[in-house]
Amino acid sequence: MALLIAVKGWDPAPWAERMKERLPEHEIRTWPDAMGDPRDIDYVLTWKAPGELLNSLPGLKVIFSLGAGVDHILKGQSLPDVPVVRVVDPDLTARMTEWVTLQVLFHHRKLPTYAEQQRQRLWKEHGQPGAGEVRIGILGLGVLGKDAAQMLVRFGFDVAGWARSKKEIDGVECFAGSGELDAFLARTDILVNLVPLTPETTHLIDHAFLSKLARDGVHGGPIFINAGRGATQVEADIVRALTDGTLKAASLDVFETEPLDAESPLWDLPNAIITPHIAADSDPAALSTYVAGQIRAFEAGKPLENLVDLKAGY
């Protein structure tokens, strides 16, 4: 049994080391330099590997996506007829929820204002609304969106969520489908984007979309937080929204092109928070344990978990 680690832009060595520890009976290989005979490979752990590689493995049984998203596998390429598994791990989920909660609280507790006052040596208090007065909207209620929503409910925020199909989450008002999207946006003060990238969500979040957010909130304007996928947003429209008052502020962890170009106007906007795609950074130790468990279960004849619907991209 051979497992291939095929990652682009990452060092494969930490992944290979940990997979050897967790699956000592399997041969662990790395692409492109230590791939060996492609006919021997049963499993692939991938991040942005080219489609032609995946299609060159005749004995392939399962593809594992090393990350919360699978658009890097699905986008613009045909795939072999094998299961694709989304890596869903408590560690990755917790990291995403940490980052989303941090950004919500950062804006809610007026940290940008107080940071600027510190630079000015200005001691001035500002009224602080309660969490229950703030309407949070989670766009995308998969594993990550659900966990973030539940955490924000525990903080006392008025939380709603939107998904392609109807969900039920305690304490969260759930909207579903295109027919309920506008109503969801109209009641949202802080929008958190966690939808996967699909043909339907590509460039979904443009100026017109952001213009539908609530404008009567206690923070004086809507706030946008994106930790989902960069291509779901139109960055030129976000710049426009941040400068014309459509948005009060934004926290962005993902971008249409990464790294974000040094000439992007987003860097200079005082009401934009930029982080370099670190909201749910993949931890080799935690995710390797998850993948090893899935492989052992699969080889014991048990069904795989978190299979991707290839037609829907979820």
Side-chain angles (χ1 to χ4, degrees), residues 9 48 67-69 71-72 75 92-93 95-113 115-116 134-140 142 144-145 147-149 151-152 157 161-162 185 188-198 201-214 217 219-282:
K48 298 184 178 180
D71 50 279
H72 65 99
K75 185 177 180 180
L92 186 150
T93 301
R95 288 170 185 246
M96 178 63 81
T97 295
E98 286 174 1
W99 189 89
V100 168
T101 304
L102 171 66
Q103 299 306 318
V104 168
L105 293 175
F106 184 84
H107 294 289
H108 173 59
R109 295 307 301 263
K110 305 180 185 296
L111 267 295
T113 297
E116 179 58 31
V134 181
R135 299 163 295 184
I136 308 291
I138 308 292
L139 190 67
L144 301 179
D147 195 74
M151 177 63 74
L152 293 167
F157 290 102
W162 179 93
L185 295 174
T188 295
D189 302 315
I190 300 179
L191 177 67
V192 179
N193 177 43
L194 290 172
V195 294
L197 182 63
T198 69
T201 63
T202 298
H203 292 159
L204 171 69
I205 304 166
D206 58 13
H207 193 273
F209 187 93
L210 296 170
S211 298
K212 296 177 182 179
L213 293 168
H219 285 304
I223 295 163
F224 175 53
I225 296 171
N226 192 1
R229 283 289 175 258
T232 60
Q233 67 192 11
V234 180
E235 280 161 30
D237 284 11
I238 293 176
V239 171
R240 177 184 167 194
L242 287 168
T243 53
D244 70 8
T246 299
L247 286 176
K248 180 180 180 182
S251 290
L252 307 173
D253 185 59
V254 292
F255 305 91
E256 291 179 87
T257 300
E258 296 180 359
L260 181 63
D261 193 292
E263 301 303 315
S264 171
L266 286 168
W267 291 109
D268 296 320
L269 292 178
N271 53 347
I273 304 299
I274 306 297
T275 57
H277 204 148
I278 48 78
D281 206 11
S282 298

key: Donor-acceptor contact present, side-chain Ser264 to main-chain Asp261, <3.5 Å   = no
key: Donor-acceptor contact below 3.5 Å, side chain Asp237 vs main chain Asp206   = no
task = Verify side-chain contact (heavy atoms from CB on, under 4.5 Å) between Ile136 and Val104, making sure each step is shown before the conclusion.
result = CA-CA 9 Å; Ile136 308 291; Val104 168; 3.9 Å; yes
Asp268: salt bridge (charged side-chain N to carboxylate O under 4.0 Å, His left out) partners, not counting sequence neighbours = none
inquiry  = side-chain contact (heavy atoms from CB on, under 4.5 Å), that's the test. Do Leu191 and Thr188 meet it? Break it down for me.
reply    = CA-CA 6 Å; Leu191 177 67; Thr188 295; 4.0 Å; yes
task = Please collect all salt bridge (Lys or Arg N to Asp or Glu O under 4.0 Å) contacts where either partner lies in residues 100-113, sequence neighbours excluded, each pair once.
result = none
remark   = Residue set satisfying ring-ring contact (aromatic ring centres under 6.0 Å, His included) with His219, at least two apart, ordered chain then number -> His108
task = Dump the intermediate steps for side-chain contact (heavy atoms from CB on, under 4.5 Å) on Leu266 and Ile274, then the final yes or no.
result = CA-CA 8 Å; Leu266 286 168; Ile274 306 297; 4.2 Å; yes
message = Side chains of Arg229 and Val195, heavy atoms from C-beta outward: is any pair under 4.5 Å?
response = no
key: salt bridge (charged side-chain N to carboxylate O under 4.0 Å, His left out) against Lys212, all qualifying residues, sequence neighbours excluded   = Asp182
query = Residues two or more places apart in sequence or in another chain: which of them pass salt bridge (charged side-chain N to carboxylate O under 4.0 Å, His left out) with Glu116?
reply = Arg119
request  = Return the minimal non-hydrogen interatomic distance between Trp99 and Asn226, and the atom names on each side.
outcome  = CH2-O, 3.9 Å
From CA spacing to verdict: side-chain contact (heavy atoms from CB on, under 4.5 Å), Phe209, Thr232 = CA-CA 11 Å; Phe209 187 93; Thr232 60; over 6 Å; no
ask   = Mind checking what makes side-chain contact (heavy atoms from CB on, under 4.5 Å) contact with Asn271, not counting sequence neighbours?
value = Leu242, Ala249, Leu269
Could you pull out all donor-acceptor pairs under 3.5 Å where a side-chain atom in residues 250-258 meets a protein atom, sequence neighbours excluded?
from: Ser251; atom 1: OG; to: Gln103; atom 2: OE1; distance (Å): 2.7
from: Ser251; atom 1: OG; to: His107; atom 2: NE2; distance (Å): 2.8
from: Asp253; atom 1: OD1; to: Thr275; atom 2: OG1; distance (Å): 2.6
from: Asp253; atom 1: OD1; to: His277; atom 2: N; distance (Å): 3.0
from: Asp253; atom 1: OD1; to: Ile278; atom 2: N; distance (Å): 2.8
from: Asp253; atom 1: OD2; to: Ile278; atom 2: N; distance (Å): 3.1
from: Asp253; atom 1: OD2; to: Ala279; atom 2: N; distance (Å): 3.0
from: Glu256; atom 1: OE1; to: His203; atom 2: NE2; distance (Å): 2.9
from: Glu256; atom 1: OE2; to: Glu235; atom 2: N; distance (Å): 2.9
from: Glu258; atom 1: OE1; to: His277; atom 2: ND1; distance (Å): 2.7
from: Glu258; atom 1: OE2; to: Phe255; atom 2: N; distance (Å): 2.9
from: Glu258; atom 1: OE2; to: His277; atom 2: ND1; distance (Å): 3.2

key: Results of side-chain contact (heavy atoms from CB on, under 4.5 Å) for Thr202 - residues two or more places apart only   = Leu197
message = If I take atom CD1 from residue Ile223 and atom CD1 from residue Ile190, how far apart are they, to the nearest 0.5 angstrom?
response = 4.5 Å
query = Taking the side chain from Asp147 and the backbone from Ala149, do they hold a donor-acceptor pair closer than 3.5 Å?
reply = no
ask   = By side-chain contact (heavy atoms from CB on, under 4.5 Å), which residues pair with Ala214, not counting sequence neighbours?
value = Arg135, Asp189, Asp216
key: Spatial distance of atom OG1 (Thr201) from atom CG (Leu139) [nearest 0.5 Å]   = 9.0 Å
Closest heavy-atom pair and its distance - Gly230, Gln233 = O-CG, 3.0 Å
message = Applying side-chain contact (heavy atoms from CB on, under 4.5 Å), can you list everything that pairs with Leu210, at least two apart in sequence or on another chain?
response = Ile205, Leu213, Phe224, Ile238, Ala241, Thr246, Leu247
inquiry  = Nearest 0.5 Å, please: how far is CH2 in Trp162 from CG in Asn193?
reply    = 10.0 Å
